[in-house]
Peer 1: 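Before we start, here is the structure in question, set down as structure tokens.
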2 protein chains.
Amino acid sequence: MKILIVEDEIELLEAISNYLGNSNFICEKAMTLFEAEDKLISFNYDIIILDINLPDGNGIDFLKTVKEQSPETGVLIVSAKNSLEDKLKGLDLGADDYITKPFHLAELNSRINSLIRRKKFEGNNTIKFNEIEIYPDSRTVLIHDKQITLTKKEYHLLLYFITNINKVITKESIAEHLWGDDIEMASNYDFIYTHMVNLRKKIKKNGGTDYFRTMYGLGYKFTDS
Amino acid sequence: MKILIVEDEIELLEAISNYLGNSNFICEKAMTLFEAEDKLISFNYDIIILDINLPDGNGIDFLKTVKEQSPETGVLIVSAKNSLEDKLKGLDLGADDYITKPFHLAELNSRINSLIRRKKFEGNNTIKFNEIEIYPDSRTVLIHDKQITLTKKEYHLLLYFITNINKVITKESIAEHLWGDDIEMASNYDFIYTHMVNLRKKIKKNGGTDYFRTMYGLGYKFTDS
DNA sequence: CTTCGACTATTAAAATTTTCATGTTGTATC
DNA sequence: GATACAACATGAAAATTTTAATAGTCGAAG
């Protein structure tokens, strides 16, 4: 996990870097926007901690650049106490969270962890189950190292099951997970049956095993055993 | 739709209030439990956004009061803690949903909308604009008192605009509002053009006025004047 | 005032999702 | 075990959404 810290107060910068460095993060430091932009060209960061009040300009512009270049990067904005506009503007422009100075390092750490959780950066972001691999970042699915094409619903269905190995998933959960608020379907779950059929078929057609177990009256389970 | 926001972090409070105020909600603010209880005596709220960590006590007690006095009020709990106990306790006592800090305002908004839909508030859920009427409860749209049939996307598109009269809506907002996370579309917004065409066509075909103004380079505006 | 490029409109086709009709399987009950 | 009923599977049609191709429109730059 690589983090870029953009902060002009050197003591704070070092404090953050030390603190985070102790938690297995790889930290790089920048004290100016210029430096930050320079580093951004060479590397991809998972997270950027961005103070928006910098000597050579406003961090908001940098935020824009970041989000254009690598929208998957999480940005945590650091701002002085009373700049609400900046905060809103930041969130509008895609910042993932904000924190107000002064703050405890523990607080920063918890924000970062929560950000990581939200971003689902878990490890390298690969989900594997036997011959099936999913790369959520690129929305790619491999079976026996060969890429297969899934529709949106099929993909989300598979992802939901593969992150809930061995658990019984009810049709209600599926509906809530894949359709959420759009309760504009008939009161039955016909469409789930259809998508299940299609997904199973597609997996088998591409040389995969059908790990779905139908749990009569309960739902489905994705399992090996 | 009247909302009471109980939150002691003033900047977050303002941010929420502004954000929701832009969506046709009438927001009132309280920074302490005392204030909140006071306001509750005088008014009835459709929804209460309740931070449970407050300077003068725990919001859970207030939740209990609310649910005793006006059980039809929807309560959305906000908590910094990711504590399961609080969550369960809250939901046990009748809270309708739960959101953990920090969160995106868009996320909050979608929770609220989902809450509204779930609660099926009766009475104050007619949205009118001249000859167009929408009854979200039954997902019904009337033009000149005659019902018309819209697809899901068309419906959400119209609803989004009609609750944001006179405001310029960017294509980015539309995409976020109608598609959310499913950024699985090409990088362009062709599909929005298509849906706009279809919606406009359908409205005109059914005797309605095309209130959509194209704001070149900006987006669209739904307006009378 | 013209020109050019970016933005928007429109239609048609392709892909996906949902519905529908029908057949099959599992489970409880007798 | 036989039966009945609900749950599930399946294929195909219908509806919707998305893509693609083409045409029209606006506004800035010269």
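Note on naming: letters A, B, ... go to the chains in the order of the sequence lines (proteins, then strands), and numbering restarts at 1 for each one.
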Peer 1: Take atom CD of E154(A) and atom P of dT17(C), then tell me their distance rounded to the nearest Å.
Peer 2: 7 Å
Peer 1: Determine the sole option in L63(A), L4(A), L76(A) for which the side-chain contact (heavy atoms from CB on, under 4.5 Å) test with I48(A) is passed.
Peer 2: L4(A)
Peer 1: To the nearest 10 degrees, how far apart in direction are the end axes of the helix from dC1(C)-dG30(D) to dC30(C)-dG1(D), each fit to five base pairs?
Peer 2: 40°
Peer 1: With the threshold set at under 4.0 Å for non-hydrogen atoms, list the residues of residues 195-210 of chain B touching DNA chain C in residue-number order.
Peer 2: V197(B), R200(B), K201(B)
Peer 1: Can you tell me the distance, in whole Å, between the CG atom of D190(B) and the C1' atom of dA23(D)?
Peer 2: 14 Å
Peer 1: On the nucleotide dT17(D), are OP1 or OP2 found under 4.0 Å from the side-chain N or O atoms that T151(B) carries?
Peer 2: yes
Peer 1: Using 0.5 Å steps for rounding, measure from the CG atom of N198(B) to the OG1 atom of T194(B).
Peer 2: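 Those atoms lie 6.5 Å apart.
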Peer 1: Within the structure, does a side-chain N or O atom of K152(A) lie under 4.0 Å from either OP1 or OP2 of dT17(D)?
Peer 2: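 For dT17(D), neither OP1 nor OP2 has a side-chain N or O of K152(A) closer than 4.0 Å.
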Peer 1: At less than 4.0 Å, is any side-chain N or O atom of Y193(B) found next to OP1 or OP2 of dT8(C)? Yes or no.
Peer 2: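 Yes, Y193(B) has a side-chain N/O under 4.0 Å of OP1/OP2 on dT8(C).
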Peer 1: State, with a plain yes or no, whether a side-chain heavy atom of K202(A) is found less than 4.5 Å away from one of L158(A).
Peer 2: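 Answer no - side chains too far apart.
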Peer 1: Could you check how far CG of L218(A) sits from C1' of dC8(D), rounded to whole Å?
Peer 2: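 That distance rounds to 13 Å.
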Peer 1: Check this for me: I10(B), atom CD1, are more than 12 non-hydrogen atoms of other residues, nucleotides or ligands nearer than 6.0 Å?
Peer 2: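 12 or below, so no.
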Peer 1: Mind calculating the distance between CD1 (I192(A)) and P (dA7(D)) to the nearest angstrom?
Peer 2: 14 Å
Peer 1: Please report, rounded to the nearest Å, how far the C1' atom of dT16(D) is from the NE2 atom of H156(B).
Peer 2: 13 Å
Peer 1: Looking at every non-hydrogen atom in both residues, tell me the closest pair between I3(B) and Y45(B) and how far apart they are.
Peer 2: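 Residues I3(B) and Y45(B), closest heavy atoms: C-CD2, 3.8 Å.
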Peer 1: Please confirm whether the ring centroid of F129(B) lies under 6.0 Å from the ring centroid of F222(B).
Peer 2: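 Yes: the rings meet the under 6.0 Å criterion.
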Peer 1: Between Q147(B) and Y135(B), is there a side-chain donor-acceptor contact under 3.5 Å, judged purely by atom types and distance?
Peer 2: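 The answer is no; no qualifying pair exists.
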Peer 1: Let's test your reading of the model: under 3.5 Å, does the base of dA6(C) pair with the side chain of Y216(B) as donor and acceptor?
Peer 2: yes
Peer 1: Should W179(B) be listed as having a side-chain N or O under 4.0 Å from OP1 or OP2 of dT18(D)?
Peer 2: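 Looking at the OP1 and OP2 atoms of dT18(D), one of them is under 4.0 Å from a side-chain N or O of W179(B).
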Peer 1: What nucleotide among dT8(C), dC8(D), dT18(D) has an atom nearest to a side-chain atom of K171(A)?
Peer 2: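 Per side-chain heavy atoms of K171(A), the pick is dC8(D).
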Peer 1: Quick check for you: to the nearest 0.5 Å, what is the distance between I134(B) atom CD1 and I162(B) atom CD1?
Peer 2: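 Reported to 0.5 Å precision, the distance equals 4.0 Å.
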Peer 1: I'd like to know if T194(B) reaches the base of dT17(D) with its side chain, counting only an N/O donor and acceptor under 3.5 Å.
Peer 2: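 No such pair is found, so the answer is no.
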Peer 1: Between atom CD in E172(B) and atom P in dC7(C), what is the gap in whole Å?
Peer 2: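 Result: 11 Å.
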Peer 1: Base, sugar-phosphate, or nothing for Y220(A), non-hydrogen atoms under 4.0 angstrom?
Peer 2: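 Sugar-phosphate, no base atom in range.
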Peer 1: Atom CZ of R213(A) and atom P of dA9(D): how far apart are they, to the nearest Å?
Peer 2: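 Value for this atom pair: 13 Å.
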Peer 1: To the nearest 0.5 Å, tell me how far T170(B) OG1 sits from Y220(B) OH.
Peer 2: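 The OH atom of Y220(B) is 11.5 Å from OG1 of T170(B), to the nearest 0.5 Å.
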Peer 1: Rounded to whole Å, how long is the line connecting atom CZ of F191(B) with atom C1' of dA21(D)?
Peer 2: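 Answer to the nearest Å: 17 Å.
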Peer 1: Please walk me through it: do E14(B) and K29(B) pass salt bridge (Lys or Arg N to Asp or Glu O under 4.0 Å)?
Peer 2: CA-CA 8 Å; E14(B) 291 297 331; K29(B) 295 169 268 185; 3.4 Å; yes
